[in-house]
Amino acid sequence: MAFAQLAHVPAPEPGSGPWSANLRRDKGELVLAGHALSDLADAGTPVYLVDEEDMKARARAWVDAMGDGDVYYAGKSFLTPAVASWMLEAGLCIDTASEGELRIALAGGVPGNRIGLHGNSKSDATLRLALEAGIGRIVVDSPGEVDQIAALAAELGTVAPCFVRVTTGVHAGGHEFIATAHEDQKFGLSLATGAAMDVVAAITASPHLEFLGLHSHIGSQILDAEGFAAAARAVMAFAGELSSRGISVPEVDLGGGYGIQYTGLDPKPLSEKDMIAGIRSAIEASCQEAGIPAPRLSIEPGRSISGPAGMTLYRVGATKDVMTDDGVRRYVSVDGGMSDNVRPALYGADYTALLGRDSEAELVPTRVVGMHCESGDIVVKDVALPADVTRGDLILVAATGAYGRSMASNYNMVRRPGVLAVSDTGTAWLVKPETWEDVLGLFPDL
Ligand SMILES: *Cc1c(COP(=O)(O)O)cnc(C)c1O
């Protein structure tokens, strides 16, 4: 068998692995919340689909698991005014990291006091907008920001609510976390060098700033609680030090990075409840040791809410069989690619895909690729798809809801696809598909 030596990775069927809760097969065809993919494709392809009830359920699961504490949805993973309002309704707050995200959260009707603002380089304009909106928390990320925020708060006659982002030396992703004493990255203030201590002291000394708590974000795609627990221990040890200087830490925000399944090979992440229980027990143990009361907890999940709820529907164009050292690989090209999902090119991220229709053909090792002028323009690196996949077929790629549309580009002058919310009650655009007028309209009149 010419195909035998290449990775043979069948996609999991709906109802398992990375697929959203309301995707099914009906007489062989994929159906999302009662809508056949072939009907959804009438809106044009590529198109991002969001399983609306699935996304809302994931948001509620975090709120339920959290109990007393706040869940900030990380807007950078995928934010629209409607999504912001869904999150608000589910009991979440919104975490923003730019003026644009802040504007979208506000446009979605989220009150300022339920919004957080991040960023390693915040502009005066962004900070002013945040303060005018009555922002709930600004996460301070560098020493210079203390004076910058204090001056703006003074000018606006307000007091700015501040968290301090600390670097704990814990970096996590997948199953592993590493702990290092030194830091060589742009985010946060070091516990080890005393930078975090200096900034907390400066905030507490300013009449225009209020110190609300400490923030830590250790990485992404983290599947168990160990890395968060290690970070929590480091943060709580620092809170103990602050306490001995008379500074109390009312709240600790442990950031986002809760992992999801992208393919059938990925292990299942810990449930929301077990994750929160693991984090809480680490915090409580550290607080006992430091002799301080346990602070309020907040977290910032992004991809674990938006990721598995989203999918991308593409139409197949050219196909070809390519001889490799290990046998024949089928290349199936689709009508999008790195412009609508840059993660494979950016981080070597893996995805999986299903053919939209029924097929009895044997499964063959396939690579789904985009239509862009880069050989790294890969959509799904390895998946076993039926041998009869052909031009005009529909392909559905799982778990593209986070960092897909939010990182999309117009590379090769493509139009960025729209995002369609799909539910039992109907469909609605969350983001409209770009038109040629949108793209050509960017250029000055000739
Ligand atoms: C990216 C980010 C998040 C969300 O990460 P996910 O992996 O999408 O959960 C949360 N907080 C901060 C500070 C981040 O940078």
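Just so you know, residue 1 is the first one in the sequence shown, and it goes up from there. Every number for a ligand or one of its atoms is a count from 1 in the order of the listing. From a predicted model like this one, the values you see are computed outputs, not experimental measurements. These numbers come from the heavy atoms of this one structure, side chains and all, not from hydrogens, waters or symmetry mates.
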Once side-chain hydrogen bond (donor to acceptor under 3.5 Å, both in side chains) is applied, what residue pairs with a partner in residues 82-100 remain, sequence neighbours excluded?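 Checked against side-chain hydrogen bond (donor to acceptor under 3.5 Å, both in side chains) - neighbours excluded - the pairs reaching residues 82-100 are Glu99-Arg103.
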If you define the side chain from C-beta out and look only at heavy atoms, does anything of Leu254 sit under 4.5 Å from Val252?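 Yes, side chains in contact.
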Ligand 1: protein residues within heavy-atom distance under 4.0 Å: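 Lining ligand 1: Ala74, Lys76, Asp95, His118, Arg165, His215, His217, Ser220, Gly256, Gly257, Tyr258, Glu300, Pro301, Gly302, Arg303, Tyr403.
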Show every donor-acceptor pair shorter than 3.5 Å between a side-chain atom in residues 225-235 and any protein atom, with sequence neighbours excluded, or say none if there are none.
none

Is the shortest distance from a Lys or Arg side-chain nitrogen in Glu52 or Lys56 to a carboxylate oxygen in the other one below 4.0 Å?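 Counted as a salt bridge, because a side-chain N and a carboxylate O are separated by less than 4.0 Å.
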Report all side-chain donor-acceptor pairs from residues 293-304 shorter than 3.5 Å, counting only partners two or more places apart or in another chain.
unit_1 : atom_1 : unit_2 : atom_2 : d
Arg296 : NH1    : Asp68  : OD1    : 2.9
Arg296 : NH2    : Asp70  : OD1    : 3.1
Arg296 : NH2    : Asp70  : OD2    : 3.2
Ser298 : OG     : Arg137 : NH1    : 3.0
Ser298 : OG     : Glu251 : OE2    : 2.9
Glu300 : OE1    : His118 : NE2    : 3.4
Glu300 : OE1    : His215 : NE2    : 2.9
Glu300 : OE2    : His118 : NE2    : 2.8
Glu300 : OE2    : His215 : NE2    : 3.2
Arg303 : NH1    : Tyr262 : OH     : 2.9
Ser304 : OG     : Trp62  : NE1    : 2.9

Take Thr427 and Leu40 through the side-chain contact (heavy atoms from CB on, under 4.5 Å) test and state the conclusion after the steps. CA-CA 9 Å; Thr427 63; Leu40 293 173; 3.8 Å; yes
